[in-house]
Amino acid sequence: MESRILKLLSRPDYTPLNVPELLGALGLARNQQQALQKTLASLEQSGQIARIKGNRYARALDADLIPGRIRINRQGKGFLEADDPKLPTIVIPEHATSTAFNGDRVLVRRDVTRQGRDPRQAAEPTGTVIRILERARLQLVGTLQRTNQFLYVIPDDPRIPHDIYVPPARDVGRQPNMGDKVVVELLEWKSRHNNPEGEIIEVLGSPDEEGVDMLSVLRQYNLPLHFPKKVLQEADAVGHEVNPRDLAGRTDCREHQVITIDPDDAKDFDDAICLQAAPNNQWKLWVHIADVSHYVKPGTALDEEARKRGNSTYLVDRVIPMLPEALSNELCSLKPDVERLTKCVEFLLSADGAVLRANFYPAVIRSQQRFTYREVLAVIERAPVGPIEQMVHDAHRMAQLIRRARMKAGSLELDFPENKIRLDEHGKISRIEKIENDVSHQLIEEYMLLANEAVAGRLMALNRPAIYRIHEPPDEKRLQEYRQDVLAHQISCGNLSNRLEVQKLLQKLSTLSIGQALKIGFLKSLMRARYAVEPLGHYGLAKKKYTHFTSPIRRYADLIVHRALFQKPGEKVATQSLKEVGAHISDTERNSADAERDSKDVKLFAFLTAQLESKQPQPYPALVTDVRNFGFFVDVPGLGMSGLVPLSTMTDEFFQFDSNRSQLIGRRTRRVIKLGDNLTVQIAKVDRFKKQVDFQLVKSARPLTQPPPLPPANTPRLQTQPRNLLRISNSPQRRPTFNRGRARDTKRR
């Protein structure tokens, strides 16, 4: 009935009808009115249709009503990501967000403005939230506080500006103390002019208690700690070893020199490679990916739970896996010296790394060696010993040829080093490691990108419904604004709609002191990568055909792609269902990214607070990324975070703001602070509620030319560490978030 209603409402000659009139227009009997009303209510709830004046129904878009998911920044400004990806982002002013929380599905009335002669000069579209279609979450985590009259909870999420009124806790095991972390279940919230109300359903404990910080993150992002019993039973039922009968119809690759390359703390090895010389100066490359689809079948409890989770989540102290460990860390993991089932992409490569042919088939392997990135880097930097190390050298050389060809084709170099926080046995930071995207990472990454591209091309050639990883080109207006910013710093910049000009600019910025700050600005102009059923290509990688195939242990998208690629004749996949799955796993990916960021934030907050309390704050190199009349923002690579240096902390000089040059000038010393300056800062203030930090210049107030002195023996040491920045938000913020929290799209492959 849904399709018939939508077809009727989509007709060019349709005029809005009420329920009795729709009964007649659809040719339905009177006794079907209740079913019709139920379907109309469902379509209205999903945002596809709207009930307008006179209880008549029309398509939402025809009434300038747009359903989508709202993202709200810390200043309260909203940005609607429409369900229809072809529609631009709609800006929702703070006063027009109604009772929406960040991540809610909402219905927005688009403001209709008069079009000028030049569409390029049109203002960005705006709108007003008129209905909440679906709450992203009904439970929030916060800190319990009290006034003389009532109790309230301050949400941990700084994007929620309203305190939540609560009655005294009941039936929660123990009474909370003031300042405790609690979980609140939201009640109905009708007006943004009144505070929302809720009920305390769980007391987590004092934020200083060991484990409460991470428990708060788990509850805030609704991350499950355990698998349902039926899911675990299904995982155990598949056994712990490869069954001989499962080898039927598989290509035997057990004698090949198959290796895996992963981080030193990885346990789920879902990709492996083998490279061999072939006749005519050619090479054979095998990319093996764990055959999760052999064990996780559609419609099972395992599949439903994996779909619900969408992906694994990597918090600072633990992994919340998509699949039970019996599969993710054991039977599906491509561990050395044991038989494992894979889906293989076999390439024939030319001497310069061009793909001559690609075949796709199920296989069985026995990995001969497990390498960490550090071990591979050591092998590359010395003469090879034995056939496996020789293969590593050959694979490195071929990967660099493929990488250079990718860059020549227009792929953008957007990699930054990452931070890896290491914790001690008490859950406190012991050190922060710098992880560069060096040649050991590039070795395996290039082959994974090659496989993802080949699989996408194969699916498109077969015209099979699937899910693709897409990264749409940036909005032209954002690019123009960024270009003007670059030109304002006396740096030549061509038309950034031309990919070659973007590459030239990025190369130029890599040579300038101000370059890193401006590079971050470019990243802010990019769209966020997502999943969709339409193969729209990947802007950042410059690939017209791209999907995710290489991590089915930790991404549900890859599992779907495996099923589509090896689909049996006669099998059909519901395209509408895939569209919904694509939207769902895009949301779970963002939820996981936010949770991962917050898990690092809470540890860094505690670490920096301890520095303040010790009266011995450590010095860190910092980069000036923005200058305002009240201070300047800095990026602190050693912490993987950003913060403000308020002018109020600089008591030895009075600075004036030069708005024309966006710089601060000292009245007495004539010292200049501008974008791109390298300075030395230390922590000055930590605001846990707003999730913001302030820094101050060290006493010398001079740029750091040598590494900071070693901390005392009992103080954890930090190493300078920029983070990776490809995945970014489209929502501009006047004040940066505490942790940069962005990662390359190819992170964890």
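His538 pairs with exactly one of Tyr468, Tyr546, Tyr531 by the ring pair (Phe, Tyr, Trp, His ring centres under 6.0 Å) rule, that one being Tyr546. The side-chain contact (heavy atoms from CB on, under 4.5 Å) with Val106 is formed by just one residue from the set Ile130, Ile132, Thr128; it is Ile132. Asp558 pairs with exactly one of Arg554, His562, Arg555 by the side-chain hydrogen bond (donor to acceptor under 3.5 Å, both in side chains) rule, that one being Arg555.
Nearest heavy atoms, Asp104 versus Ala136: OD1-N, 2.8 Å. The two atoms that bring Gly249 and Pro362 nearest to each other are O-CG, 3.9 Å, heavy atoms only. Smallest separation of non-hydrogen atoms from Leu559 and Pro552: N-CB, 4.1 Å. Closest non-hydrogen pair, Tyr539 versus Phe522, comes out as OH-CZ, 4.3 Å. Residue Met527 comes nearest to Pro473 through the heavy atom pair CG-O, 3.5 Å, listed as atom of the first residue, atom of the second, then distance. Residues Arg563 and Pro298 come closest through the heavy atom pair NH2-N, 3.6 Å.
Considering only heavy atoms from C-beta on, Trp286 stays 4.5 Å or farther from Ile273 through its side chain. In this structure, the side chains of Val141 and Val183 come closer than 4.5 Å at one or more pairs of heavy atoms. Side-chain contact between Ile289 and Met448 is present, with at least one heavy-atom pair separated by less than 4.5 Å. Looking at Asp83 and Arg105, their side chains come closer than 4.5 Å, going by heavy atoms from C-beta outward. Side chains of Ser312 and Ile553 form no contact here, defined as non-hydrogen atoms less than 4.5 Å apart. Side-chain contact check for Val238 versus Val296: every heavy-atom pair is 4.5 Å or farther apart. In this structure the side chain of Leu541 reaches within 4.5 angstrom of the side chain of Leu449, judged on heavy atoms. Here the side chains of Val217 and Val316 are not in contact, with every heavy-atom distance at 4.5 Å or above.
A side-chain N or O of Asp291 and one of Ser293 form a donor-acceptor pair less than 3.5 Å apart. Side-chain atoms of Thr588 and Asn311 form a donor-acceptor pair, as typed in the model, at a separation below 3.5 Å.
Looking at Glu81, its side chain never comes within 3.5 Å of a backbone N or O of Gly68 through a donor-acceptor pair. Under the 3.5 Å distance criterion, the side-chain polar atoms of His471 are matched with a main-chain donor or acceptor of Gly540. Distance alone, capped at 3.5 Å, places no donor-acceptor pair between the His548 side chain and the Asn452 backbone. Judged by distance alone, with hydrogens and angles left aside, the side-chain atoms of Arg307 form no donor-acceptor pair with the main-chain N or O of Tyr556 at under 3.5 Å. Looking at Thr300, its side chain does come within 3.5 Å of a backbone N or O of Asp303 through a donor-acceptor pair. Using modelled atom types, no side-chain atom of Glu185 and backbone atom of Ile201 make a donor-acceptor pair closer than 3.5 Å. Between the Arg137 side chain and the Gln220 main chain, a donor and an acceptor come within less than 3.5 Å of each other. In this structure a side-chain-to-backbone donor-acceptor pair under 3.5 Å is present from Arg74 to Lys691. For the pair Arg340 (side chain) and Ser333 (backbone), a donor-acceptor distance under 3.5 Å is present. The backbone N or O of Ser411 lies less than 3.5 Å from no partner atom in the side chain of Arg499, so there is not a single donor-acceptor pair.
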Exercise. May I have the step-by-step check of side chain to side chain donor-acceptor pair (under 3.5 Å) for Asp598 and Tyr221, ending in yes or no?
Key: CA-CA 10 Å; Asp598 277 7; Tyr221 292 96; 2.4 Å; yes
Quiz item: Can Asn222 and Gln139 be said to form a side-chain contact (heavy atoms from CB on, under 4.5 Å), step by step?
Solution: CA-CA 8 Å; Asn222 196 28; Gln139 297 178 3; 5.6 Å; no
Practice problem: For the pair Val455 and Val345, evaluate side-chain contact (heavy atoms from CB on, under 4.5 Å) and give the outcome as yes or no after the intermediate values. | Solution: CA-CA 8 Å; Val455 169; Val345 184; 4.0 Å; yes
Quiz item: Is there a side-chain contact (heavy atoms from CB on, under 4.5 Å) between Leu223 and Asn591 once you walk through the steps?
Solution: CA-CA 9 Å; Leu223 297 173; Asn591 186 68; 4.0 Å; yes
Practice problem: Take Glu339 and Glu241 through the side-chain contact (heavy atoms from CB on, under 4.5 Å) test and state the conclusion after the steps. | Solution: CA-CA 8 Å; Glu339 291 182 353; Glu241 296 179 352; over 6 Å; no
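Between the NZ atom in Lys229 and the CG atom in Leu232 there is a gap of 10.0 Å [rounded to 0.5 Å]. Distance OG1/Thr97 to CD1/Ile70: 6.0 Å, rounded to 0.5 Å. One finds the OG1 atom of Thr313 at 10.5 Å from the CG atom of Asp594 (value rounded to the nearest 0.5 Å). Taken from CG in Asp262 to CG in Asp271, the straight-line distance is 5.5 Å, to the nearest 0.5 Å. For the atom pair Asn102 CG and Phe79 CZ, the distance stands at 11.0 Å (nearest 0.5 Å). Rounding to the nearest 0.5 Å gives a distance of 8.5 Å between CG of Asp84 and CD1 of Ile66.
A salt bridge does not link Glu589 with Arg530: none of the charged nitrogens is closer than 4.0 Å to a carboxylate oxygen. Under a 4.0 Å N-O distance rule, the pair Asp157/Arg159 qualifies as a salt bridge. Between Glu44 and Arg131 there is a salt bridge, with a side-chain nitrogen of the basic residue lying less than 4.0 Å from a carboxylate oxygen of the acidic one. Here Arg69 pairs with Asp587 in a salt bridge; the nearest charged N to carboxylate O distance falls below 4.0 Å. Lys600 has no carboxylate O lying under 4.0 Å from a charged side-chain N of Glu596, or vice versa, which leaves the two without a salt bridge. For the pair Glu453 and Arg406, the salt-bridge criterion is not met [side-chain N within less than 4.0 Å of a carboxylate O].
The neighbour count for Asn463 CG, taken as heavy atoms of other residues, nucleotides or ligands under 6.0 Å away, does not exceed 12. Within 6.0 Å of CZ on Arg51 lie no more than 12 heavy atoms contributed by other residues, nucleotides or ligands. Applying the 6.0 Å contact sphere to CZ of Arg309 captures more than 12 heavy atoms from other residues, nucleotides or ligands. Within 6.0 Å of CZ in Arg135 there are more than 12 heavy atoms belonging to other residues, nucleotides or ligands. Other residues, nucleotides and ligands place more than 12 heavy atoms under 6.0 Å from the NZ atom of Lys297.
Applying the salt bridge (charged side-chain N to carboxylate O under 4.0 Å, His left out) test to pairs two or more places apart or on separate chains, those with a residue in residues 214-226 are Glu202-Arg219.
Under the side-chain contact (heavy atoms from CB on, under 4.5 Å) criterion, Arg318 pairs with Met214, Leu218, Leu225, Leu315, Ile320, sequence neighbours left out.
With a 6.0 Å cutoff to the six-membered ring centre and a 45° limit on the axis angle, Arg469 does not count as a cation-pi contact of Phe549.
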